Amino acid sequence: MDIYLIETPVFKIDGGAYFGVVPKTIWSQKYPADENNMCAASCRSLLIKKPGKLILIDNGIGEQQDNANHDSYYVDFSENLIENINKLGYTTDDITDVVLTHLHFDHCGGTTKTDSKTGNQIPVFNNANYYISQQQWDNAINPNYREKTSYHSEKFKFLEETNKLRLVKQNLFLTSCIELRLFHGHTPGLMLPIVKTYTKTLFFAGDLIPAKASIPLAWVSAYDLFPLTSIKEKEQILNEAEQKNWILVFQHDFYNECCDLKMTTRGVRGNNTYKFVDLFKNEA
Ligand SMILES: [Zn+2]
């Protein structure tokens, strides 16, 4: 298995929203903010190459569009998903499976792009099946008032009319070494991968634990619909991850790509941080 962490356009999240009820006097010691109280946030994807399969997990905000949403989140488009896939020697047509952890705009925006001739949105990954949880699909197609601005349906609704949509109803092994596990605190049916490589197990912590600073149980994002559910889910997965020596991979942490964990008297905490590529230096 070859596995890559891919950068896509970065954006900024309001620090208060990022860390929920934690006061700025405390979170600002762990995560910097700019003069507008905005925190830089990555939107990383995972690309996994296995024999006969090239699996992409999430695809970021997508291309630059004339979009007020992009302005309010200060999106910086200098990293480009498609270019970064090409740099690894693959094209978008090589992708066999796209796993979308959920359908918020910063996770599935790269699913379509603008057709230069017609101006319409067209699919980017022409040969891929799409894995989305059934709960998330239902939630996104008929969004609640709180979440509806997070869903840009032109990025995913077309899948309904294809035979490429694979709706996942329960925890699933996509392959023998990629488990997709469901969580419901951030949004119903958030689906996060646990990936076993030759020597390590990685938990792609997505929006359940967006940054190393989000590891303490009460540090729950204000975007989470059900914070008490998030706390329970974080506690369970962090305990499992610590016991099994998993590595956490952060999708949104601008400053840390991955870390291992340690048990302390206050619960599980982040330990050493790593660059993703350094994790696999000694793997064949
Ligand atoms: Zn989200």
Side-chain angles (χ1 to χ4, degrees), residues 5-22 27 31 38-46 56-62 67 69-70 72-75 81 98-112 130-157 159 168 180-193 203-215 219-234 237 248-254:
L5 192 62
I6 297 188
E7 295 290 341
T8 78
V10 301
F11 68 144
K12 291 185 179 180
I13 306 176
D14 182 88
Y18 207 171
F19 297 109
V21 297
V22 179
W27 66 251
Y31 205 103
M38 302 297 280
C39 294
S42 302
C43 292
R44 300 191 180 97
S45 290
L46 272 186
L56 180 68
I57 314 241
D58 278 355
N59 53 41
I61 285 173
N67 188 324
N69 190 58
H70 288 173
S72 54
Y73 285 100
Y74 302 88
V75 184
L81 172 81
V98 174
V99 173
L100 295 172
T101 62
H102 62 307
L103 297 170
H104 289 164
F105 72 91
D106 53 321
H107 296 260
C108 70
T111 303
T112 64
Y130 288 80
Y131 291 81
I132 300 164
S133 82
Q134 177 82 59
Q135 295 97 320
Q136 179 59 199
W137 179 264
D138 295 344
N139 192 64
I141 288 295
N142 193 6
N144 60 65
Y145 192 81
R146 170 109 185 262
E147 259 181 310
K148 67 180 176 191
T149 54
S150 298
Y151 290 122
H152 300 176
S153 61
E154 72 277 11
K155 294 290 180 182
F156 54 82
K157 204 157 187 299
L159 289 168
V168 177
L180 302 176
R181 214 180 271 191
L182 297 182
F183 301 87
H184 308 286
H186 176 63
T187 183
L190 175 71
M191 186 164 69
L192 299 175
F203 174 52
F204 191 64
D207 280 6
L208 179 63
I209 309 175
K212 191 183 181 200
S214 317
I215 289 175
W219 293 51
V220 170
S221 157
Y223 291 109
D224 286 21
L225 291 184
F226 308 105
L228 294 178
T229 305
S230 296
I231 287 175
K232 224 175 256 164
E233 290 173 341
K234 276 171 65 172
I237 199 82
L248 260 54
V249 181
F250 301 113
Q251 193 163 21
H252 286 309
D253 192 326
F254 189 76

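Here the structure is a predicted model, which means the values were calculated and not measured. When reading the values below, keep in mind they use all heavy atoms of this one structure, side chains included, and skip hydrogens, waters and symmetry mates. Start at 1 and go down the list; that is how both ligands and their atoms are numbered.
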Verdict with supporting geometry, D106 and Y73, side-chain contact (heavy atoms from CB on, under 4.5 Å): CA-CA 10 Å; D106 53 321; Y73 285 100; over 6 Å; no
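- Centred on the Zn ion (ligand 1), the angle running from H186 (NE2) to H102 (NE2) is recorded as 100°, rounding to 10°.
- Note: F19 and W219 have perpendicular aromatic rings, judged against thresholds of 30 and 60 degrees for the angle between ring planes.
- Taking backbone and side chain together, H107 holds no N, O or S atom under 2.8 Å from the Zn ion (ligand 1).
- Among heteroatoms of the N, O or S kind in H104, ND1 lies nearest the Zn ion (ligand 1).
- Between F203 and I237, some side-chain heavy-atom pair lies under the 4.5 Å cut-off.
- With respect to the Zn ion (ligand 1), D207 has OD2 as its nearest N, O or S atom.
- P227 meets the side chain to side chain contact (heavy atoms under 4.5 Å, CB included) test with V220; sequence neighbours excluded.
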